[in-house]
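Input: a single structure, listed below in structure tokens.
Reminder, nothing fancy here: chain letters follow the sequence lines and each chain counts from 1.
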Amino acid sequence: MNSTAQDAEDSSAPAIPAIPLAFTDQNDTPGFQEGLISPELAQWIRFRAEKLKLRLDDRKWAAELVNHLRDSLLEFLKKSDDQPYFQLARVLNSGSYYEMVKIHNANEFDIMLTFPPPSRLNWTELGQYQGLFYQVSLCRPTHSPIRSFLLEDGLTISASKFISEMYLLVRRFIRTYKVSDNSCHWVVNRKRVNSPAVTLSLLEVGNGKQELLSVDVVPALEVSSKQGWPQAARAGPDVDHWLGKKAKRALISQNCFFVPKRPPGRNLDDIAKEGWRISFSHIEKQIISSHGNKKTCCESAATKCCRKQCLKLLKCLIEGLKQRYTKELDALCSYHGKTAFLHTLSTRAEDSLWARRQLPVCFMHLLGALEGHARSGLLPHFFIPNANLFAQPTFPRKALVFLTNALEEQRTHGLPLLMPPAPAPPMEICSPYETQPLQYPDLQKTSPVENVSNKMLFFVAVAVVVFVCLVACWKHMAN
DNA sequence: TTTCATGTATAGACTGT
DNA sequence: AACAGTCTATACATGAA
């Protein structure tokens, strides 16, 4: 009976695998041995990857709202005389949506607003951050409107002034900006002290609780490629054997950015409080979109690879872990996953290793790689090899040990966090997948479109169950 | 496999200095 | 007239269905 109801909703759903599925640590790659993935688990991984796709309707709905907001904001800044420097803003879409690795819903967008400095920049590494954070200043005094963001020395660009002014203008913009159909409205979220973003949320009118979309607007200072990247990143990412030396040169010859994010920690000195963080978002996006060892990767059905799917699954697992162990894994974020992913791609370069069919094996490999980084406490920033994203105190020792164990548990117990909730009781009607929001309440923020389809599915499931019951009764009576 | 919508890169037109 | 910056049309890539 249960399976009938399930099948009615999702005929492609594989059977729930027997748990635990043995993964042992015998291999030198932590947590990975090819032969040990059971066919059931492999099927589940494929199935889960399918489920992470964004729906076209959702994308269309969200893209229209976000693009209109973005274009209107840009127009507002261009016309604004209050802060003439912001008239120079240019848009650079970044983050997982535009990298095509956003999962579950098209509900989070990252938009960088980039600004060219009036002259060459000087930057000084802030100590103890291994080249991630910088004091940024102009080489010479200027009459450019950027003046209003400078400190008393007339040269140093103040990150706090920059982001505060951005807030001011975005708030001013939002006061008059209306969503076309009036059913929702954008609000500016509260300022967060360590965040470089002005975060906007789209709320339903009359239901202030439910956030339908969120957009991070991140201002960024552009460093001309003529100046080159800071010393800590000068060597460029380790992609020689993967993307090739020529591709690497092309990457290094691009601009990089500073975003107004101060370094973590309390009791910062006055210089650190005005610190900027280096950003390679646009390069990351480029690498992820042209990710092949050969040019032909993903060009045809025959050369399709599973790299992006692996990253999506890892992001899903990380979200799940953070949901399940909120406090313990506070320090963990999706960027750790992305970094481990990039390292894995650069060492496991050959396209054939990432063939579409190999998804389960590749994902387990990636998971093992992240576990390995956690176990060794070493996860170098992909562009700044000396910056360890698992270094303390940013990533506390305790959290690292917890993460190592959590990842090991996932690997050795058949990925319970990627699985549906425990086997359903006999009369359960809904398919396990549809009940997923119960397990991870915030992972899936339902859009209006989704609500409709959920109701439809539920209705169909109930109808099928009733029908099957009737048939069973009828047969019983006939006997 | 195909069809479609969205996102991106590019060239050439346009505009103001 | 020359130039840089901006806008626009177009083709192409990507991924969902």
Problem - Between P of B:dT15 and NZ of A:K78, the distance in whole Å - result: 17 Å
Handout entry: Rounded interatomic separation in angstrom, taking CZ from A:R55 and P from B:dT6
Key = 16 Å
Exercise for the section: Using the closest heavy atom to pick a nucleotide of DNA chain B for each, name whichever of A:Y97 or A:A301 lands nearer the 5' end. Expected result: A:A301
Exercise for the section: From the options B:dT6, C:dA16, C:dG15, select the nucleotide whose nearest atom is closest to the side chain of A:M100. Expected result: C:dG15
Practice task
To the nearest Å, give me how far apart CD (A:E75) and C1' (C:dC7) are.
Solution key: 13 Å
Problem - Short side-chain donor-acceptor distance under 3.5 Å, A:R59 and A:Y97 - result: yes
Exercise for the section: Indicate, with a heavy-atom threshold strictly under 4.0 Å, whether A:K312 touches base, sugar-phosphate, or nothing. Expected result: sugar-phosphate
Handout entry: Under-4.0 Å side-chain N/O to phosphate OP1/OP2 contact, A:K285 with B:dT8
Key = yes
Completion exercise
From the candidates B:dT8, C:dA17, B:dG7, the one with an atom nearest any side-chain atom of A:N93 is B:dT8
Exercise for the section: Answer yes if the ring centres of A:F257 and A:F280 are under 6.0 angstrom apart, and no otherwise. Expected result: no
Exercise for the section: Starting from P on B:dG7, measure out to NZ on A:K102 and report it in whole angstrom. Expected result: 14 Å
Completion exercise
Between OH of A:Y98 and P of C:dT14 the distance, given in whole Å, is 18 Å
Practice task
Give a yes/no answer on whether the side chain of A:K308 brings an N or O atom under 4.0 Å of OP1 or OP2 in C:dG15.
Solution key: yes
Practice task
May I ask you to verify if any side-chain N or O of A:N67 is less than 4.0 angstrom from the OP1 or OP2 atom of B:dG7?
Solution key: yes
Practice task
Please state how far atom CD1 in A:I288 lies from atom P in B:dT8, giving the value in whole angstrom units.
Solution key: 13 Å
Practice task
State whether the number of non-hydrogen atoms from other residues, nucleotides or ligands found under 6.0 Å of A:Q254 atom CD is greater than 12.
Solution key: yes
Completion exercise
Closest of C:dA16, B:dT8, B:dT6 to the A:K53 side chain is C:dA16
Completion exercise
Heavy-atom nearest nucleotide on DNA chain C taken for A:L52 and for A:Q87; more 5' hit belongs to A:Q87
Completion exercise
Judged by nearest nucleotide, the residue sitting upstream toward the 5' end of DNA chain B, A:Q286 or A:L56, is A:L56
Practice task
Take atom NE2 of A:H291 and atom C1' of C:dG15, then tell me their distance rounded to the nearest Å.
Solution key: 12 Å
Handout entry: Sub-6.0 Å ring centroid separation between A:H336 and A:H373
Key = no
Practice task
Tell me which of A:C298 and A:R90 sits closer to the 5' end of DNA chain C, going by the nucleotide each one is nearest to.
Solution key: A:R90
Problem - Pairing of A:R46 and A:E50 as salt bridge, 4.0 angstrom limit - result: no
Practice task
Find the distance A:E64:CD to B:dC4:C1' and express it as a whole number of Å.
Solution key: 16 Å
